[in-house]
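Order of the sequence lines fixes the chain letters, A, B, ..., with proteins taken first and strands second; residue numbering starts at 1 for each chain.
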Protein chains: 2
Amino acid sequence: MNNKEKLRKAGLRPTKQRMIIADILLDGIDRHFTAENLQNEINSSGNSMSIATIYNCLKKFRNCGLIKQVESSKDTAIFDTNINQHHHFLDEETGELIDIENDEVNLHKLPKIPQGYLNNGVEVLIKIKKQI
Amino acid sequence: MNNKEKLRKAGLRPTKQRMIIADILLDGIDRHFTAENLQNEINSSGNSMSIATIYNCLKKFRNCGLIKQVESSKDTAIFDTNINQHHHFLDEETGELIDIENDEVNLHKLPKIPQGYLNNGVEVLIKIKKQI
DNA sequence: TTTTTACTTTAAAATCGTTCTAAACTACTT
DNA sequence: AAGTAGTTTAGAACGATTTTAAAGTAAAAA
Ligand SMILES: [Mn+2]
Ligand SMILES: [Mn+2]
Ligand SMILES: [Zn+2]
Ligand SMILES: [Zn+2]
């Protein structure tokens, strides 16, 4: 399925701007990035785009499940093109994130989900720091 | 150990402002809160404090390990008085966090820590959503 | 105790990531 | 082609957090 079809299937009009972003993000390579990172890539590709459009597009892509947003206490939002359930190493010094595939973690015992709620995904974060 | 001793032990001068905050936060009750939540509690206790001081203090307390900061993609920082290794349920709709004690989770299989790094803490986040 | 020093608090301004506004533009439908 | 609903944009606005710099305070030195 090409990017135009992916956008249509997600219920999004394949505008010029969304296609530029889809061509960068939906190439099957897993990556973590900020809105600013993406704008730099757009610029490097010879295009340009308003930061408002980039944020609009990332929000739409996220809400359609084309990308995810990482839980992070950094003040800049970090997005993730790996939409499978997976986990992360986090170097808190640098903010660097490294993917951990789902089958590399085995959660043997999980607490009971609170009454009235449903499990909506489990994420393991392993904080790491550089050896001295 | 009283709060003044706790601050000294952490290498922090026990100023009037830090003592007010310590009296609120270090009472042994686990809670999740924002800087604004804390300012409201300070005000309710008949005191007042500049928001800059509150941020300064929370950062010092966090860096000394007296409190933790939760990894969260919300745009407002959330702090945690539970400094033991533990886990959370997160209702992404409301942002509500519920503690999961460490012994309620059993991680059977963990990936190898990347070369040159040390494990600095594992956190499990279980996203939950209200049943319809 | 006084003096000195380094650290802390504060209000206000600045910064920074993100969202809003409203006008121009474009994709899709009829 | 004409209509319409959705999208893009520059720039303004916003909200959380940090910085500034001057005044205040705690600890150390004398
Ligand atoms: Mn955050
Ligand atoms: Mn922010
Ligand atoms: Zn990832
Ligand atoms: Zn907690």
Side-chain angles (χ1 to χ4, degrees), chain A residues 2-24 32-43 45 47-64 66-80 95, chain B residues 2-24 32-43 45 47-64 66-80 95:
Chain A
N2 64 30
N3 288 337
K4 188 172 277 192
E5 289 169 338
K6 281 183 195 162
L7 292 177
R8 284 198 201 284
K9 195 177 155 207
L12 298 176
R13 285 189 183 178
T15 64
K16 179 164 170 280
Q17 289 78 0
R18 287 176 183 157
M19 285 301 294
I20 290 168
I21 291 181
D23 287 345
I24 293 173
H32 304 117
F33 63 97
T34 65
E36 196 192 359
N37 296 154
L38 178 57
Q39 191 171 43
N40 291 337
E41 281 208 64
I42 290 166
N43 293 338
S45 76
N47 293 290
S48 78
M49 205 176 296
S50 161
I51 193 66
T53 302
I54 292 172
Y55 277 107
N56 288 343
C57 186
L58 289 174
K59 193 179 284 191
K60 292 271 188 184
F61 278 32
R62 165 167 52 72
N63 292 343
C64 292
L66 293 170
I67 61 176
K68 297 211 288 189
Q69 183 171 354
V70 177
E71 296 292 333
S72 155
S73 60
K74 303 208 68 183
D75 53 7
T76 305
I78 299 170
F79 297 88
D80 194 338
Chain B
N2 64 28
N3 287 338
K4 188 172 277 193
E5 289 170 337
K6 281 184 194 164
L7 291 177
R8 284 198 200 284
K9 195 177 157 211
L12 298 177
R13 287 188 183 178
T15 64
K16 178 165 171 279
Q17 289 79 1
R18 286 176 184 159
M19 286 300 294
I20 290 169
I21 291 180
D23 287 346
I24 292 173
H32 305 118
F33 63 97
T34 65
E36 196 193 358
N37 294 156
L38 178 57
Q39 191 172 43
N40 290 337
E41 280 209 64
I42 291 166
N43 292 339
S45 75
N47 294 288
S48 78
M49 203 175 298
S50 160
I51 193 67
T53 302
I54 292 172
Y55 277 107
N56 287 343
C57 186
L58 288 174
K59 194 180 283 190
K60 292 270 188 187
F61 277 32
R62 164 167 52 72
N63 292 343
C64 292
L66 293 170
I67 61 176
K68 297 211 288 189
Q69 183 172 353
V70 177
E71 296 293 333
S72 154
S73 60
K74 302 209 68 181
D75 54 8
T76 305
I78 299 171
F79 296 89
D80 194 338

Answer whether the closest heavy-atom distance between the side chains of A:Lys74 and A:Thr34 falls below 4.5 Å. no
Going by the rule side-chain contact (heavy atoms from CB on, under 4.5 Å), which residues pair with B:Asn63 if we only count those two or more places apart in sequence or in a different chain? B:Lys59
Can you name the side chain to side chain donor-acceptor pair (under 3.5 Å) partners of A:Ser45, sequence neighbours left out? A:Asn47
To the nearest Å, how far apart are B:Asn47 CG and C:dT10 P? 11 Å
With A:Asp23, which residues qualify under side chain to side chain donor-acceptor pair (under 3.5 Å), at least two apart? A:Asn3
Tell me the interatomic distance from B:Lys59, atom NZ, to D:dT19, atom C1', rounded to whole angstroms. 10 Å
Could you list by number each residue of residues 2-10 of chain A showing a heavy-atom separation from DNA chain D of less than 4.0 Å, or answer none if no residue does? none
Partner residues of B:Ser73 under the side chain to side chain donor-acceptor pair (under 3.5 Å) criterion, sequence neighbours left out: A:Glu71
B:Asp75 CG to C:dC16 C1': how many Å, rounded? 12 Å
Tell me every residue that passes side chain to side chain donor-acceptor pair (under 3.5 Å) with A:Gln69, counting only those two or more places apart in sequence or in another chain. A:Arg62
Indicate, with a heavy-atom threshold strictly under 4.0 Å, whether B:Lys74 touches base, sugar-phosphate, or nothing. nothing
Taking side-chain contact (heavy atoms from CB on, under 4.5 Å) as the test, write out the residues that go with B:Thr15, two or more places apart. B:Arg13, B:Gln17, B:Arg18
Under the rule for side-chain contact (heavy atoms from CB on, under 4.5 Å), what residues qualify as partners of A:Lys4, not counting sequence neighbours? A:Asn2, A:Arg8, A:Pro14, A:Met19
Taking the axis from the first five pairs and the axis from the last five, what angle separates them in the helix from C:dT1-D:dA30 to C:dT30-D:dA1, rounded to 10 degrees? 30°
Could you list the residues that satisfy side-chain contact (heavy atoms from CB on, under 4.5 Å) with B:Ser50, not counting sequence neighbours? B:Ala52, B:Thr53
Determine whether B:Phe61 and B:Leu12 make a side-chain contact, defined as any pair of heavy atoms from C-beta on separated by less than 4.5 Å. yes
A:Glu41: what forms a salt bridge (charged side-chain N to carboxylate O under 4.0 Å, His left out) with it, not counting sequence neighbours? A:Arg31
In B/S/- notation, 5' to 3', how is nucleotides 2-14 of chain D contacted by protein heavy atoms closer than 4.0 Å? ---BSSSBB----
Return the value, rounded to whole Å, for the distance between atom CE of A:Met19 and atom P of C:dT26. 17 Å
